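Inspection log for the structure reproduced underneath, given as structure tokens.
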Amino acid sequence: MDAEDFPKKYNSKETEEKYIKYWQENKIYKFDKKDTKKKIYSIDTPPPTVSGKMHLGHSFSYSQTDMIARYKRMKGFNVFYPFGTDDNGLATIMLIEKTKKIRANKMERGEFIELCLKTLEELRPQYVQDWKRIGLSADFDLFYTTINEHCRKISQESFIDLYKSGRIKRKNSPIMICPKCRTAIAQVELEDAEKDSFLSHIKVQIIGTKEHLVFATTRPELLPACIGISVHPDDQKYKDLIGKYVKMPLTGAKIQITPDEETDMNYGTGVVYYCSYGGMECIEWMSRHTDVEPINVMDVNGIYNSKAGKYEGLNSIKARTQIIEDLKKDGCLVKQEPIKHIVNTHERCGTDIEFVATEQWFIEYLDLKDRLLEAGAKLNWNPSHMRNRLDNWIKGLKWDWCLSRQKKFGVPIPVWYCKKCSEVIIADKKQLPIDPLEDKPLLKKCQKCGCNEFLPEKDVLDTWATSSMTPQIAAKLVPERYNDIYPMDLRPQAHDIISFWLFNTMVKSQLHNNINPWKDVMISGWALDPKGKKMSKSKGNVIEPQKMIENYSADAIRYWAAKSKLGDDVSFKEEDLRTGMKLCIKLWNASKFCISHLTECKQDEIKTDNIYEILDIWMMEKTNQQIEKATNYLDNYQYSAAKKEIEFLFFNTFCDNYLEFIKYRIYNEELTKSKKSALATLNSVIFDVLTMFAPFIPFITEEIYQLSFKQIKKEKSIHLCSWPKSKPTGDKQCLRTGDLFCEIIAQIRQYKNKNNLSLKTQIKQIKIFLKTKEEKELIEKIIEDIKGVGIVEKISLYVNEQQEENIFVTF
RNA sequence: GGUCCGGUGGUCUAGUGGUAUGACGUCGCCUUGACGUGGCGAAGAUCGUGAGUUCAAUUCUCAUCCGGACCACCA
């Protein structure tokens, strides 16, 4: 080691940029596919959606995962830590349209996909750079993007396999559509919105009598699709009407009044009318009244068709106005009551969703709820309560997974249909990835009817159909080690997408391989603004991590990310970054101090065998304790608790106490036995501290390592060094002695403080009162240390069993 | 409406069946040879509210209030 090279001040910006390059050039984090000795630890890294820049929430949760990855690497695992980007969804379409100033709808699908791929190629490096900048130790050569060939192939393979096993089916069934985006949407894409509406009370005539019946509805426009009217069987008001028919206004349709226990007697008039489809409740009602045929008045584009009669060509909003108008004319509208109610909207655009029966592709999984709940219970959840969210979601599932999306961009559904008999022609796995719009099936003739003309499926797959395959996608990047990588060890992700990504990935893995895709899950919280609110562009409270890195450092951001317990949301406070910087500066200075003294002697003079002084053994044992605690915490994904232990060891025990305890010994110019003992301790502890900090603040620890220990330890990077092990001295009594010593020094410091004395002021004499004889004997052994550290000339020891304190010092 | 999480000094936070951790802030002292973007020290919370279990509860149970999240939702 050479102390000359150690700069007085730490320059985080230069250093961090230097090591991003260094790590990349030296492939420090490369997954070693040939290494069969080390156990693999595989991580199913979340692929961020390519859109603009990395946000603060990313830097928060990815840092947390990275701490675990770095820890596992130091623990001797062959860490499989890929990095991908998600770019086959709507966000990407919007990004491409904006960047290239084009409209997807006006292009051929193949052409648009090509453009997307090309544009993403241009944008991606800059985007990924942000993740490198926070010091992510992923192997960026293990890279995928959810729209590339590799992923399209795997996603289509998955489709074909599940089709063949009968899980994927094309069905005519009611689905949710967004009339604005003109596509099918899934349960998970819904968002609640409270909206103002009217409850329209509509009067209908009971056939064969002069009586009328009034029902209330928020969807009067669906009157042409009315298929039933129900009352509660116990409702005295309407009991006698059950079985009778009513004549609907405007359409003249004859509808029977049926009993239905689900009807709420107290809502509206107690009479409900059902349409195909006004909402979830209509679909459920139909499942209870199977003899009724639906009247599909709406097409998949959200426009009323000829079955809606004179309302053909309108959308719901226009039809509503018109129908209300017509009902008024006919005198059938009793009243309109303003109400506020919660409606399901499309989360992307806020449009009210509609229900339409069409042909779509589904994965049927409602029969698997129990099995999925069991599978979820087998995962090792961190924190454990996050499992409730998955359970909740599975129990509440009502819909099969609708896979088809009417979008221009995405992974094409690998299917054609026979022109003559509509038979499904599924692609051959050998030809994947394909686009049925451009490619032809390998099959020359329809096996059913012999026709040789095929119509391509135009729809693409739901983006989650692909991202639910990330464990397989990543593992197949290293096909020769596939079985060692998949199932993976860890899925890290944030809690908001448990019902999307986590659940869907489990479903796929269960359906394909009958296993869970990973052993452990690690659920991060969210980064909130300083007031604890979600950050959003519209609120203008977005904090850019890039600026914070610029102003503070990536280490400081990571330090902040390590502050919260796993799963907890954390609000961003700039002070925390300052605290992080403070730690870095302290670590820098302490290391500088240690190294400047360690360079005075040769390595073989400061081996741990040379440690014999009580306070040195005390320091070693304190370190052992904290190593054990930190290791245990990290094994359980509790990075914040681990960080706290390491910080306590470093700040409190090492800097505030130990370094002060040994100064009087190491400033001795002679290399005495006692000084060697101290230097050996310094040498051991500072390195352990550095390595333990390395997963949290990888840049500064690397710089210190490169400037000092590299010459001895030989590893190219501190991140390739081993995680420290406890080094028992076999002398536990020193722990007690050292702790007593700390108390004595604290009292001396207090005394000097109260008397406005500098700490280096010499004190003539002190008396130390111990409670027991044993303690007095312990202290006798370190009298010289007390004199040296406290700068005291004379010390007398007494035993006083009566006193309350363990130690009492008088001056 | 269901489920879950949280409510600890001025602020944020740790934690535990025996009155509490740290950070920031505040105040005082110290220009000590790693560090003034420093060091040392001090003040400051009875752990949301009520009840119960217990020798003992901030920690367990129940109720209640207040935040927050996820899910569901009514024609």
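Naming: A, B, ... by sequence-line order, numbering from 1 per chain. The figures that follow rest on heavy atoms only: side chains count, while hydrogens, waters and symmetry mates do not. Small disclaimer: the values here were computed from a predicted structure and weren't measured.
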- Can you tell me, in whole Å, how much space there is between the C1' of B:rG9 and that of B:rU31? 32 Å
- Give a yes/no answer on whether the side chain of A:Lys398 brings an N or O atom under 4.0 Å of OP1 or OP2 in B:rC73. yes
- Message: I'd like to know whether the aromatic ring centres of A:Phe661 and A:Phe741 sit less than 6.0 Å apart in this structure.
- Response: yes
- Not counting sequence neighbours, list each pair that qualifies as a side-chain hydrogen bond (donor to acceptor under 3.5 Å, both in side chains) and has a residue in residues 566-591 of chain A. A:His495-A:Asp569, A:Tyr552-A:Glu574, A:Lys563-A:Asp576, A:Asn589-A:Lys592
- Mind jotting down which residue pairs meet the salt bridge (charged side-chain N to carboxylate O under 4.0 Å, His left out) criterion with at least one end in residues 264-287 of chain A? Sequence neighbours excluded, please. A:Glu284-A:Lys398
- Donor-acceptor pair under 3.5 Å, A:Asn753 side chain vs B:rC40 base: yes
- Task: Determine the interatomic distance between P on B:rG22 and the same-named atom on B:rA45; round to the nearest Å.
- Result: 15 Å
- Message: When the P atoms of B:rG15 and B:rU26 are compared, how many Å lie between them, rounded to an integer?
- Response: 27 Å
- In terms of the nearest nucleotide of RNA chain B, which residue is placed more toward the 5' end: A:Asp568 or A:Arg749? A:Asp568
- Task: Could you check whether A:Asp264 gets within reach of a base, just the sugar-phosphate, or nothing at all, counting any heavy atom under 4.0 Å?
- Result: base
- A:Leu759 atom CG is separated from B:rU32 atom C1', nearest whole Å, by 7 Å
- Examine A:Arg491 relative to A:Trp501 and say whether NZ or CZ is less than 6.0 Å from the centre of the six-membered ring and inside a 45° cone about the ring axis. yes
- Query: Expressed as a whole number of Å, how far does the C1' atom of B:rA51 sit from that of B:rA57?
  - Reply: 13 Å
- Query: Minimum heavy-atom separation for A:Ile543 to A:Leu56, with atom names?
  - Reply: O-CB, 3.6 Å
- Checking N1-N3 plus N6-O4 or O6-N4 for Watson-Crick, or N1-O2 and O6-N3 for wobble, each under 3.5 Å, the partner of B:rU16 is none
- In terms of side-chain geometry, is the basic nitrogen of A:Lys13 or A:Glu550 positioned less than 4.0 Å from the acidic oxygen of its partner? yes
- Message: Rounded to whole Å, how long is the line connecting atom CG of A:Asp260 with atom P of B:rC74?
- Response: 15 Å
- Message: Measuring only the P atom in each nucleotide, how far is B:rC74 from B:rU16? A whole number of Å is fine.
- Response: 43 Å
- Pair partner, B:rC73 [Watson-Crick or wobble, under 3.5 Å]: none
- Query: Taking atom C1' of B:rG25 as reference, at what distance in whole Å does atom CZ of A:Arg578 sit?
  - Reply: 12 Å
- Message: Any base atoms under 4.0 Å from A:Glu660, or only sugar-phosphate, or nothing? Heavy atoms, all strands.
- Response: base
- With rounding to whole Å, what would you report as the distance between B:rU59 and B:rG17 at their C1' atoms? 6 Å
- Message: Output the rounded distance in Å from CE (A:Met280) to P (B:rC73).
- Response: 4 Å
Please enumerate all protein N or O atoms sitting under 3.5 Å from an N or O of nucleotides 15-24 of chain B, with distances to 0.1 Å.
{"unit_1": "B:rC24", "atom_1": "OP1", "unit_2": "A:Lys582", "atom_2": "NZ", "d": "2.7"}

- Query: Checking all strands, does A:Ser640 fall into the base, sugar-phosphate, or nothing category for heavy-atom contacts under 4.0 angstrom?
  - Reply: nothing
- Task: Have a look at A:Lys663 and say if it touches a base, only the backbone sugar-phosphate, or nothing, with a 4.0 Å heavy-atom cut-off.
- Result: base
- Message: Counting the benzene-type ring for Trp, do A:Phe696 and A:Tyr559 have ring centres under 6.0 Å apart?
- Response: no
- Query: Any chance the side chains of A:Tyr274 and A:Asp260 put a donor and an acceptor closer than 3.5 Å?
  - Reply: no
- Query: What is the distance, rounded to the nearest whole Å, between atom CG of A:Asp496 and atom P of B:rG68?
  - Reply: 18 Å
- Could you check whether A:Ile498 gets within reach of a base, just the sugar-phosphate, or nothing at all, counting any heavy atom under 4.0 Å? nothing
- Task: For nucleotides B:rC5 and B:rG18, find the distance between their C1' atoms and express it as a whole number of Å.
- Result: 28 Å
- Message: What contact category does A:Asn388 fall into here, base, sugar-phosphate, or nothing, at under 4.0 angstrom with non-hydrogen atoms?
- Response: sugar-phosphate
- Message: Once you apply a heavy-atom cut-off of 4.0 Å, does A:Gly270 come out as touching a base, just sugar-phosphate, or nothing?
- Response: base
- Given atom NZ of A:Lys8 and atom C1' of B:rU37, what is their separation to the nearest angstrom? 14 Å
- Message: Which is more 5' along RNA chain B, the nucleotide nearest A:Leu757 or the one nearest A:Met386? Just name the residue.
- Response: A:Met386
Enumerate all atom pairs, one protein N or O and one N or O from nucleotides 42-45 of chain B, separated by less than 3.5 Å.
{"unit_1": "B:rA42", "atom_1": "OP1", "unit_2": "A:Gln750", "atom_2": "NE2", "d": "2.9"}

- Nucleotide B:rG2, atom P - distance to CG of A:Asp391 in whole Å: 18 Å
- Answer yes or no: is there a donor N or O on one side and an acceptor on the other, between the side chain of A:Ser564 and the main chain of A:Val570, under 3.5 Å? no
- What is the pairing partner of B:rU61, taking Watson-Crick or G-U wobble pairs with both distances under 3.5 Å in any strand? B:rA51
- Task: Could you tell me whether A:Cys594 contacts a base, only the sugar-phosphate backbone, or nothing, with contacts defined as non-hydrogen atoms closer than 4.0 Å?
- Result: nothing
- Using Watson-Crick or G-U wobble geometry with both distances below 3.5 Å, tell me the partner of B:rU31, or none. none
- Message: Given the structure, check if the side chain of A:Lys573 and the base of B:rC12 hold any donor-acceptor pair shorter than 3.5 Å.
- Response: no
- Query: Nearest of B:rG2, B:rC29, B:rC40 to any side-chain atom of A:Asn392?
  - Reply: B:rG2
- Message: Once salt bridge (Lys or Arg N to Asp or Glu O under 4.0 Å) is applied, do any residues pair with A:Asp234, and if so which ones, sequence neighbours excluded?
- Response: none
- If B:rG6 has a Watson-Crick or G-U wobble mate with both distances under 3.5 Å, name it; if not, just say none. B:rC66
- Task: Take atom NZ of A:Lys752 and atom P of B:rU32, then tell me their distance rounded to the nearest Å.
- Result: 13 Å
- Message: Going by salt bridge (charged side-chain N to carboxylate O under 4.0 Å, His left out), name the pairs with one or both residues in residues 217-229 of chain A, residues two or more places apart or in two chains.
- Response: A:Arg219-A:Glu221, A:Arg219-A:Glu354, A:Glu221-A:Arg320
- A:His201 and A:Glu337: side-chain donor and acceptor closer than 3.5 Å? yes
- Message: Rounding to an integer number of angstrom, what distance separates B:rU11 and B:rC65 when you compare their P atoms?
- Response: 24 Å
